[in-house]
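As the structure is a prediction and not an experimental result, all values here were calculated from the model. Chain letters run A, B, ... following the sequence lines, proteins first and then strands; every chain starts at 1. Values below: every heavy atom of this structure, side chains too, minus hydrogens, waters and symmetry copies.
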Amino acid sequence: MLRRGDARRYNSARMPRTNERLEALLSEWADLLEISGADSFRVRAYQKAARAAGGHSRDVGDLGEKELRQIPSIGAHMAARIREFVETGTMHDLEELRELVPAGLRELTRIPGLGPKKAVLVNRELGVASIPDLLDAIEHQRLRAVKGLGAKTEENLLRGIRNLREHGGRMTLDVALRVAEDVIEELRGRAAVEEVAYAGSLRRMQDTIGDIDLLVASTTAPEVTEAFVGLPGVQSVVARGDTKSSVLTAKGLQVDLRVVAPEVWGAALQYFTGSKAHNVKTRAIAVKKGLKLSEYGLFEVESGRRIASRTEEEVYAALGLPWILPTMREDAGEVEAALRGDLPDLVSLGDLRGDLHGHTDSTDGVATLEEMLGAAAARGYAYYAVTDHAEKLHMSGMKRETVLEQRDRIRSLQGRFPTMAILHGCELNIDRDGGLDYPDEFLAGFDFLVASIHSRFNLPRDEMTRRLLRAIENPFVNVIGHPTTRMIGRRPEVDVDLEAVLSAAARTGTALEVNCHPDRLDLRDEHVRWAVERGAAIAISTDAHAPTHLENMRFGVATAQRGWLTKARTLNARSLRDVREFVARKRGK
DNA sequence: GCCGTTTTCGGCCCGACTGTTTTCAGTCG
C-alpha cells in the first residue's frame, strides 16, 4: 500500500505541471499538519486533496474556483488555496506552517518506524533535525535516555535508515513479483497452508512496490508464521506475531505475511489488496448499510452476525457492488462507477491478439527473427509486428538494405506460423525537429510503424511538444513508442504538453503505446486514463528484445487497466483486418 | 478540511504488533 511520501517519487509527470506541484505541496502540507499534531481527519483531507489535484485529468491551473470545487475532495478552502497558488505561485498558510515546523522533521518521517510523534519527540528532546543527526544520536545511544524510547528503538530505527538509503523504499514490479512468487511457491506445499496469494500494491500492479504483502489462509497460523520466518531467503525478522509477521530478504526487501482463517479469505484478500483509499470508501458504504467491514468479514453491527467473508465476490456483493478488478482499486471513481452499475469493460490479457513492437538480432535484440516469431506464435497471437530500430539510432539502427533484406525474409516466413501474420515494421527515431529516419516513400513500404524518442530528452516543453506533434502528423506513423521516455527510478518523463499530444493522436488516428517493460510502463496509468478520455487509441506493446520479454505483456495490461483502458480502445485487441484498416485510414487510403 | 435521501454540524475505517509501559501510545497497512 502507498506510504507517506511514496506518492509519486518516480513520476515527475510533466502533463499539467500545476497538478504535480499542487500534489507535492498539499502532500507536504498534510505531513506538516500531522507533525504539528493536527486532527487526523484534517490531515487526511489534505492528503485526499493532494491526490485529487495530482490525478485530475485537466490542468487545475486552468480551472476557476467553481470548477475546482466540482472535483471530489476539493472544497471551498482547497479551491481558494489552489487559486492562490496559481495566481501568486505560493500558498501563504503553507509558508507559515513551514516556519513553525522544524526543518528536517518531514524527512525523518520517511524512516520506517518513525512517525510524526517520535520525530517531534527526538527533535524536542535531543535536537535531532535530520537523518544524519538521528544516526549520530543512535550511535551515541542517546535515544534510550528519552522517556518512551529504548535500545530496541535505536536498533529498529537504524535498520529503517539503512533500508531507506539502500532502496529508496521501492522496487519495480518484476522484481517484486519474482520475490512474491518464490515465497508463495515455498509456502504452497506446506500442509498448514490452504491458500496463499499476494495482495497490496503488487496485486494492484502499481508501477513500483514498497513492500510485498502476502496472505495465507490456514487454521494453524503459528505453524505458517514459523515456516515463513524460517524460509531460506530470509535475512532478518522485523516483526513476528501469531498472525502477522514481516521479514527482510537478503536484498533488503520487506515481505509482510498475514495469516487468516480460511472462512474469511475473501474479506482478508479484499482488505489487504487495498488501496487504503478504496478500503475507506468500501467501509463507508458498509457503515451506511449498518454493517462493519474488516479483514474478518462483513458484519451486521447490531447482531454482530457475519454476512460475507468467504470470497471477495461475496463481500462486494453484500455491499451491493460487483467484484472490482484489483488494478482499479485506487478510489479513482471505481466505487462510484460500481454503484451505478457502470464499470467499464476493461481490456484483459486474453483480449490481446498481437504485439506491435519487438526487436530481433538485426538490431539490438538478442534472438533471431525466427526465434521471436516462434515465441509470439506460441502465445497464440494472430499477428506480430517486427519493429527493429531505424538507421539513425546510434550504432544499432538498420541501414536501408538491411531493412529490405529483412522484408524479404519475413515474406518468405509468412505462412510458417499458420495462424499468425507477420507485419514488417520499424521503430523510427523522432529527431529533434520531429523528423524521422526515412523519407515517406520508403516508409510507405512498411506494414506498420512505431516512432519513438531515443535522444535529446531535455528539450524545453514547447520544442518537445512540437517535436512529438510533427511525428504524430506523419501519415505513416501508427504508434508513438514509450511516449514520455521515463525509466522508472532513473530518468524522468520528458517535459511535454501531453494534452496536446493526446488530442493530436486521437485526431490523426495515431495510437500511443503502453510500453510493457517493467522499467518503463510508459504511458503510465494516469496518462492512459487521460488518453482514454480524449479518445486516443492505445497499443499495449512489449518492445521485446528477447523471447522472455513477451511475458511482460501482463505488466502493460495491468497498467492499462489502471488507466481504465477498454478493449474497444486497445489497438492490439482488434483483428488483423482492423489493424490494417487503422494503418490504411491514416495513410488516406 | 470535506461532505450531505441521517445535509450546514458531526461524523469521518479498523485492527495487529512493538516497545516501553503497568494499561497504552505509536506506527503501519
Side-chain angles (χ1 to χ4, degrees), chain A residues 1-6 26 29-30 33-34 37-52 68-82 93 108-122 143-144 146-157 159-160 169 199-202 204 210-215 221 225 237-246 254 256-260 264 267-268 270-299 301 319 331:
Chain A
M1 295 190 195
L2 211 64
R3 290 181 311 200
R4 186 174 46 244
D6 284 340
L26 293 176
W29 203 329
L33 282 171
E34 195 176 18
D39 171 64
S40 66
F41 295 110
R42 191 161 162 237
V43 172
R44 205 166 74 200
Y46 277 83
Q47 287 167 344
K48 284 171 77 173
R51 287 198 320 130
L68 286 169
R69 293 187 57 177
Q70 304 290 310
I71 303 173
S73 305
I74 307 274
H77 179 265
M78 293 293 177
R81 296 288 81 75
I82 290 171
D93 291 354
L108 287 178
T109 62
R110 286 185 56 214
I111 301 168
L114 186 70
K117 296 286 193 301
K118 271 186 215 162
V120 168
L121 187 64
V122 296
L143 255 55
R144 61 188 68 180
V146 179
K147 189 174 156 59
L149 306 178
K152 201 74 181 178
T153 315
E154 290 173 351
E155 194 184 306
N156 288 341
L157 291 182
R159 188 165 50 206
S201 55
L202 181 57
R204 300 199 313 280
D211 42 46
I212 297 165
D213 295 307
L214 296 182
L215 188 65
T225 303
V237 179
V238 180
R240 177 178 178 174
D242 276 351
T243 63
K244 192 178 166 186
S245 48
S246 295
Q254 183 165 326
D256 298 339
L257 175 76
R258 188 67 184 254
V259 187
V260 299
V264 303
Q270 195 278 334
Y271 175 71
F272 289 109
T273 297
S275 63
K276 199 168 185 171
H278 177 88
N279 285 355
V280 167
K281 204 148 261 184
T282 47
R283 285 182 174 196
I285 290 173
V287 170
K288 282 210 185 89
K289 291 178 180 287
L291 305 170
K292 184 186 74 163
L293 179 61
S294 78
E295 57 263 55
Y296 300 111
L298 186 61
F299 300 85
V301 172
L319 289 170
D331 185 25

Item to check | Touch class at under 4.0 angstrom, heavy-atom based, for A/Ala79 against every strand present | outcome: nothing

Checklist entry - How do A/Pro72 and A/Lys288 order along DNA chain B: which one's closest nucleotide is nearer the 5' end? => result A/Pro72

Next on the checklist: Using a 4.0 Å heavy-atom cut-off, does A/Thr243 contact any base of the nucleic acid, only the sugar-phosphate backbone, or nothing at all?
Outcome noted: sugar-phosphate

Checklist outcome for this item: Across all chains, not counting sequence neighbours, the salt bridge (charged side-chain N to carboxylate O under 4.0 Å, His left out) partners of A/Arg159 are none

Item to check | Touch class at under 4.0 angstrom, heavy-atom based, for A/Lys244 against every strand present | outcome: base

Checklist entry - OP1, OP2 of B/dC14 versus side-chain N and O of A/Asn279: anything below 4.0 Å? => result no

Item to check | Distance test, side-chain N/O of A/Tyr296 to OP1/OP2 of B/dA16, below 4.0 Å | outcome: yes

Checklist outcome for this item: Of the candidates B/dC13, B/dG29, B/dT18, the side chain of A/Ala239 sits closest to B/dT18

Item to check | Nearest-angstrom distance, P atom, B/dC2 to B/dC13 | outcome: 16 Å

Next on the checklist: B/dC13, OP1 or OP2 - any side-chain N/O from A/Ser294 closer than 4.0 Å?
Outcome noted: no

Checklist entry - Base, sugar-phosphate alone, or nothing: which one does A/Asp39 contact when heavy atoms must sit under 4.0 Å apart? => result base

Checklist entry - Is there a donor on the side chain of A/Lys276 or the base of B/dG29 sitting less than 3.5 Å from an acceptor on the other? => result yes

Checklist entry - NA contact type, A/Lys292, heavy-atom cut-off 4.0 Å: base, sugar-phosphate, or nothing? => result sugar-phosphate

Checklist entry - At under 4.0 Å between heavy atoms, what does A/Arg44 touch on the DNA or RNA strands: base, sugar-phosphate, or nothing? => result base

Checklist outcome for this item: Testing B/dG1, B/dA16, B/dG29 for proximity to the side chain of A/Arg258, the answer is B/dA16

Checklist entry - Within the pair A/Arg42 and B/dG1, is there a side-chain N or O less than 4.0 Å away from OP1 or OP2? => result yes

Checklist outcome for this item: Applying side-chain contact (heavy atoms from CB on, under 4.5 Å) to A/Ser246 and not counting sequence neighbours gives A/Val238, A/Ala239, A/Gln254, A/Asp256

